[in-house]
2 protein chains.
Amino acid sequence: MATTIDDVARAAGVSTSTVSYVLSGKRPISAPTRQRVERAIRDLGYRPHAGARALASSRTNVLALMAPLRVDVNVSVIMQFVTGVVTAARAFDHDVLLLTADEVAGMERVASGSMVDALVMMDIEADDPRIPVLVGLRQPAVLIGLPRDPEGLSCVDLDFEAAGRLAVRHLARRGHRRVALLGSPRAVLERHTSYADRMLRGFDQEVAGSGLEGVVEPCESSMAGAVEAVDRVLERLPDVTGVVVHNEVALPWVVATLRDRGRHVPDDVSVVAVCPPDVATNQPLPLTSVDIPAHTIGKVAVEMAMARVDRDEPAETRLLAPVLVERASTAAAVR
Amino acid sequence: MATTIDDVARAAGVSTSTVSYVLSGKRPISAPTRQRVERAIRDLGYRPHAGARALASSRTNVLALMAPLRVDVNVSVIMQFVTGVVTAARAFDHDVLLLTADEVAGMERVASGSMVDALVMMDIEADDPRIPVLVGLRQPAVLIGLPRDPEGLSCVDLDFEAAGRLAVRHLARRGHRRVALLGSPRAVLERHTSYADRMLRGFDQEVAGSGLEGVVEPCESSMAGAVEAVDRVLERLPDVTGVVVHNEVALPWVVATLRDRGRHVPDDVSVVAVCPPDVATNQPLPLTSVDIPAHTIGKVAVEMAMARVDRDEPAETRLLAPVLVERASTAAAVR
DNA sequence: GCGCGGTGTCGAACCGCTTCGACGTCGCGT
DNA sequence: ACGCGACGTCGAAGCGGTTCGACACCGCGC
C-alpha cells in the first residue's frame, strides 16, 4: 500500500526513472527490463501517488464537471450528461470531480489549486457570469450549451434551434396551423439558459417561416405547472392542434391534462416531445420526440476537453443535429 | 496563477514555513506577521497546489462518492443523495470525486492512488463484493445502506425495515386487512440491494405481526412495469385495499393504473408511497408517504466519514427513524 | 542579575514522482 | 580497427508544500 516507486525500482533492480519510463512509455525500455519492472509492480501492488504525480507532471488526470444539481430540472437528462462525461473521462484515464452549479467559486478553487486538467460546465446561460472566470483559467474549459459569446471556449450541445424548427416543421408538414411550445420553467427562461433560449428561437423561426400561428408558454416542472401551462395555451389558442413540449418532468402531466380537457392525442392534438428517447417511450402513449442525446453530448464534451489538454487543439463549437423519431403522438391535422 | 508559497513568503518577508503555519493555524503566529502574510496571499491571489499539499500532508481534501448512475432507478432520490454529499463535503472543505457503481476497480484506484481521504458508497447490497475491498483500504469508508456484515465499516441509511413496518401499521390502523407491497425492480431485489431487502422484511414483519394478508410484487421502473405489477397484485389479492409503493418512477403509473382498473384512491384502495416528499406531493393526488431523507442521509454519511478522517472515531451504524406524513391517498377501509 | 519557560519564526528534511542531460554499450559502416 | 549514432539506463534536480527540531527573544521569579 505504502509502496513507492523506489520500492518497485529496488525490487526490479533498476533506477526509479526506469520505472517511471516503463509506466509512462515516454522512453524506450528493453523488453526484459520492462517485464521485470512490470512484475515488480504487480507483485507489490504498486500505485503511483496521485498527488506526487500531479506535482511533478502538472497533470492531475482529473476533470471538473459543474452540474446543476438542483432537483427541479430535467433530472434524467442531467443524469445522462453526467454518465456520459464520467464514462468518457474514464476512457481517457481521467476521474471526475463534481462541482455544484451554485458554487461558482468552486471552479476557481479547483482550477487554481491545480486539482483538475480541464473543466466541463453544464447549464450555460446566454451571458453566463462564469465565462469570464473560465477564460482566465490555466485549464481549458468546455461549455455544454452556447452562450452569446463563447470568448474562445469550446462549446457543444444539441442544436436546439434546429430542434425547435424540426419539431414545428414536423407539425406543419402534417397540416397543423396552430401550434404551441410548452417550454422550460419561467426561472430557467429568465436566466436565459442557453438551451431554452435557442429552443424558443427555433420554434419562433419556423412558426414564422411556415406562416403558422404559435404561442409560447413557460411551464414549471411539476404537475401543477403542467396543468396551468396547458390551460393557458388552451385559453390563448383554443383550437391549437400541435404542441411541442420541452420539459421532461411536466411531459406526462401535459399529455394527461390535454386528455382531461377533452383533447385526444393524437386525434385532436399532436404532441412532439423534446427529451431522451426512454422518456418518450415510457409513457402511456409513445411520444413522437426530438432526441436529446445527453450521453453523447457529455462524451463529446470530454473529447473536446481532452483534445485541448493533450494536443492543445484550438477551441471549437459543435452543435449536434437533432433527430426526430415519429411515434404515436402525432398525426395529420383533421382540419 | 503560478504563484507558490515561496512567492508569498518573499512578498511578506517571512519564511515559507511561516506562511504554511498561517494557512494551517497549526502554530501560533503573531498578529502583525499573520496580517502581512494574509495580505500577500490576497495580493498575489495565491492558492496552494493541491497535489503538493496532498504529497506533503497525505490529505487530499477530496472524498470519493460511488453512485449508481444507472438511469433506471430512483433518479431523484439519487440526485438528492448526491447533493447532500456534495454540500456536506464542502462544509468540511472537501471536494467530491464521482465514481460510477459499475466501476468497482475505481475505488481501489482512487484509494490506493491516494486521491481521496475517504469513500462514500451508495447502493449497498447485502453481500456487497466491494466491502472486502473497502476494508483493506487505508481510507475510511461509509456505506449508505446496511450490508449483512459491515465488517467494521460505518453505515448510515433510513431504517427501511422500520419504514416498511410503519407503512403497514398505518394501513392496519385504518382497518385495512389485505395489503400489497409494490417494490423495487426484480433485478434490484435479486442483487439483494440493502434497502429493498430491508423494506421487504419490514413489510413482512408487520403483516405477520398485525395478522394481515399481504402480497409482494417486484415492480420495474417504467409505466409498463407498474401496470403489470398492479395487475399481478389485483390477480393475487383481488380485494386488496392497501398498497405500499416503494418505487419512485413507477409511482404515478401505479396510481393511474389502479384508477384505470376501477379502484378509486383512497376510497377503494389506500396508497402509501415511500419516497421523497416532493415526489409524493407532485402527483394529481397528494400521497401519504414515508419520507426518504436522501439529502440528510448524504450529509450524515459525510459527517461520519470526516469524523473518522479527522479524529479517527470508531465506525458506527446509524439508521434514521422513518417519518410518515399523511396526505390524501389513505383513508379508512370501508369494510 | 541570571536562569527559565513560553512564544514566534526559521531552516531543512522530506513527501513520491517526472524529466532532462549524461553516459555506457553495442552494432554498424568504412 | 575505429568512430559514430542509436538505444537503454541512470542520477539528480526539481515540483510545491508540511512539519519538526532548533533557536532567538521576551518577561518573569528569585
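Below, all heavy atoms of this structure are taken into account, side chains as well, without hydrogens, waters or symmetry copies. Within every chain, numbering begins at 1; the chains are lettered A, B, ... in the order of the sequence lines, protein sequences first and strands thereafter.
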Selected nucleotide, minimal atom distance to [X] side chain, candidates [options]:
X: A:S17; options: D:dA12, D:dG16, C:dA12; answer: D:dA12
X: B:A56; options: C:dC15, C:dC17, D:dC10; answer: C:dC15
X: B:P48; options: C:dC10, D:dG17, D:dG11; answer: D:dG17
X: B:L55; options: D:dG17, D:dG16, C:dC10; answer: D:dG16
X: A:S15; options: D:dG16, D:dG11, D:dT19; answer: D:dG11
X: A:R27; options: C:dC10, C:dA22, D:dG17; answer: C:dA22
X: A:Y46; options: C:dT9, D:dG17, C:dC17; answer: C:dC17

Classify A:S57 by what it touches in the nucleic acid, base, sugar-phosphate, or nothing, heavy-atom distance under 4.0 Å.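 The answer is sugar-phosphate, as A:S57 gets under 4.0 Å only of primed atoms, P, OP1 or OP2.
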What nucleic acid atoms does B:V14 come within less than 4.0 Å of, heavy atoms only: base, sugar-phosphate, or nothing?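 Since only primed, P, OP1 and OP2 atoms lie under 4.0 Å of B:V14, the category is sugar-phosphate.
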Rounded to whole Å, how long is the line connecting atom CD1 of B:I29 with atom C1' of C:dT7? 10 Å
Spacing of A:I5 atom CD1 relative to D:dA12 atom C1', expressed in whole Å: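 About 14 Å, once rounded to whole Å.
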Ignoring hydrogens and angles, are the base of [N] and the side chain of [X] linked by a donor-acceptor pair under 3.5 Å?
X: B:S20; N: D:dG17; result: no
X: A:S30; N: D:dG8; result: no
X: B:Y21; N: D:dC20; result: yes

If each of A:T16 and A:A31 is mapped to the nucleotide of DNA chain D with the nearest heavy atom, which maps nearer the 5' terminus, i.e. the 5' end?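 It is A:A31, whose closest nucleotide lies nearer the 5' terminus.
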Using the closest heavy atom to pick a nucleotide of DNA chain C for each, name whichever of B:A52 or B:P28 lands nearer the 5' end.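 It is B:P28 whose nearest nucleotide is closer to the 5' end.
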Less than 4.0 Å between a side-chain N and a carboxylate O, is that true for A:R198 and A:D159?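 Salt bridge: no.
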Under 4.0 Å between a Lys/Arg side-chain N and an Asp/Glu carboxylate O for A:D6 and A:R10?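 Answer for the salt bridge query: no.
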Side chain of A:S20, backbone of A:T16: donor and acceptor closer than 3.5 Å? no
